[in-house]
Amino acid sequence: MELEYNPFAYAIHEDPYPVYARLREEAPVYQHPSLDFYAYSRHADVLSAIRDADTYTNTRGVSVEPSASSAAAQFAMSFLGMDPPRHTKMRALVSRGFTPRRVAELEPRIRELAVGYLERMRERPHCEFIADLAGVLPMDVISELLGVPAPDRAELRMQADLLVHREEGVFDVPPAAGVAFGKIWSYFGERIASLRRAPRSDLISALLAAEIDGERLTPVEIQSFCNLMIVAGNETTTKLLANALYWLWRNPDQRKLVAEEPAMIPRWIEETLRYDNSTQAIGRVTNRAVTLHGREIPAGKRVLLLVGSANRDERVFPHADAYDIRRDTTASLSFGQGAHFCLGASLARLEGRVVLDEFWRRFSGYEVDPSGSARVHSVSVRGFAALPLELQRG
Ligand code: HEM
């Protein structure tokens, strides 16, 4: 069968892994026949490209879609759409809000939120895990960091979902996603204007007061940052939580390990990230011509770095297609690497640990209802839009 990797195809969203395996063996530098992109699928190639910011730029965005591939990327996604040295300065400024100490301080509040949702779930024998917890908690956490009031969050979450959703057969950013982007953008525009008049103790107010080399950030730069946080921090963590429950359910031997030893929960999270990461692909554009595995990629070409495939590369992970929470996951590329390594990695891990820990305390068992589950259709985010569970109380 002809080998095609099309990140827009619903069949790929259902299960990309057999295609990844063929890419790694047959076409480690893959060029799509009609869509204008290349893809790297082996761990070594993905890793060296992510680390090489001179050759592979972020300034044309990190998505495969033609209309998202422009120098406007830095407006849509702030410093994720920049290269050093500007990236380094901007990131240094906001990363003060994400030091291990600052993140650890969020734990009691994350636990309180998780317990609130889980206690509500305990009132019924069934739940829809995304609507009842996984889809709401990460948005609450980001919102509290940024200072988004509770009544505004449901609407923002809906727009964030629309932003990543792709219709079958559409090979670019659809109009609905453009409208959603506009709504998120205007929301933060208004929020920033009001916090400029009356600062509070949130991250947006701190950024309004912060300086890089004696210069203040502009409201538009802060707006871009808020947009990045909503896009990068929200969907991905939602997907991690549901993927963890799904894969443990699919692997009863692993479920037994967690049941016997709840201290395995952090390793359960790490293996879920490796095995079925919420971010499957990150994009770059070549600054110069590159030759790899005997193939030349011209300058100015979009290259997708398939982290989801790199994490299943047998050259690095023995029995890579087995979900095994005891394995060494240190080479996993789930949060990227190098300059753009995920700023929210420790926050995502903390949310995962707290939610799964509190879930495990309350429910001695659970079953997934696959007939009611649905996947998101996105070019890079992988996971469930709906995951119904039957809950057995502990
Ligand atoms: C399971 C959850 C998450 C996954 C799998 C994930 C994955 C990633 C990946 C792969 C990158 C690198 C992108 C690239 O190099 O092009 C990244 C960057 C980023 N992530 Fe995450 N992320 C997660 C959660 C979060 C959270 C909770 C936040 C927010 C607090 C966040 C904020 C960011 C930011 C700001 C960047 C850009 C960093 C930079 O450009 O320097 N992420 N993430």
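Both backbone and side-chain heavy atoms feed into the values below; hydrogens, waters and symmetry mates do not. Atoms within a ligand are numbered from 1 in the order they appear, just like the ligands themselves. Keep in mind the model is a prediction, meaning the values are calculated, not measured.
When Cys342, Ser334, Ala348, Gly383 are checked for heavy-atom proximity to atom 18 (C) of ligand 1, Cys342 turns out nearest. Between the choices Asn58, Thr279, Leu241, the shortest heavy-atom distance to atom 7 (C) of ligand 1 belongs to Thr279. Of the options Phe79, Phe335, Phe98, Phe341, the smallest heavy-atom separation from atom 11 (C) of ligand 1 is shown by Phe335.
Near Asn277, meaning under 4.0 Å from any of its heavy atoms, are these atoms of ligand 1: 5 (C). The atoms of ligand 1 that sit less than 4.0 Å from any heavy atom of Arg91 are 38 (C), 39 (C), 41 (O). The atoms of ligand 1 that sit less than 4.0 Å from any heavy atom of Ile142 are 29 (C), 30 (C). Proximity to Thr237 (heavy-atom distance under 4.0 Å) selects the following atoms of ligand 1: 2 (C), 24 (C), 27 (C). For ligand 1, the atoms sitting less than 4.0 Å from at least one non-hydrogen atom of Leu228 are 35 (C), numbered in the order shown with element in parentheses. Here is the list of ligand 1 atoms found below 4.0 Å of a heavy atom in Leu347: 30 (C). Every atom of ligand 1 is numbered from 1 in the order shown, and the set under 4.0 Å from a heavy atom of Met229 is 29 (C), 30 (C). Counting atoms of ligand 1 from 1 in the listed order, those under 4.0 Å from a heavy atom of Val62 are 16 (O).
Residues passing the side chain to side chain donor-acceptor pair (under 3.5 Å) test with Asp357, sequence neighbours excluded: Arg111, Arg361.
Looking from atom 26 (C) of ligand 1 to the surrounding protein, the closest heavy atom is Gly233 CA, 3.3 Å. From the protein, the heavy atom lying nearest to atom 24 (C) of ligand 1 is Thr236 OG1, 3.4 Å. Scanning the protein for heavy atoms near atom 36 (C) of ligand 1, the closest one is Leu343 N, 4.0 Å. Looking from atom 40 (O) of ligand 1 to the surrounding protein, the closest heavy atom is His340 ND1, 2.6 Å. The nearest heavy-atom contact from the protein to atom 33 (C) of ligand 1 is Ala232 CB, 3.6 Å.
With a heavy-atom cut-off of 4.0 Å, Ala339 touches ligand 1 through its backbone alone. By the criterion of a heavy-atom distance under 4.0 Å, the side chain of Ile282, and not its backbone, is placed next to ligand 1.
A salt bridge is absent between Arg326 and Glu271: the closest approach of a Lys/Arg side-chain nitrogen to an acidic carboxylate oxygen does not fall below 4.0 angstrom. Salt bridge absent: Arg302 and Asp36 never bring a charged side-chain N and a carboxylate O closer than 4.0 Å. Under a 4.0 Å N-O distance rule, the pair Arg362/Glu119 qualifies as a salt bridge.
In plain terms, the two heavy atoms of Ile12 and Pro7 that are nearest each other are CG2-CA, 4.4 Å.
Geometrically, ligand 1 and Arg284 share a nitrogen or oxygen pair separated by less than 3.5 Å. Checking only distances, His87 does come within under 3.5 Å of ligand 1, N or O to N or O.
Linking ILVMFWY side-chain heavy atoms closer than 4.5 Å, directly or via other members, places Leu156 and Leu162 in two distinct hydrophobic clusters. The hydrophobic clustering, which links ILVMFWY residues whose side-chain heavy atoms are closer than 4.5 Å, places Leu306 and Phe317 apart.
For the pair Tyr20/Asp15, no side-chain contact is recorded, criterion being any heavy-atom separation below 4.5 Å from C-beta on. Within the 4.5 Å cutoff, no side-chain heavy atoms of Leu389 are placed close to those of His126.
Annotation for His319: atom NE2 does not count as buried by contact number, only 12 or fewer foreign heavy atoms lying within 6.0 Å. Other residues, nucleotides and ligands contribute at most 12 non-hydrogen atoms within 6.0 Å of the CZ atom of Arg101.
Here Tyr275 and Trp247 bring their ring centres to under 6.0 angstrom of each other.
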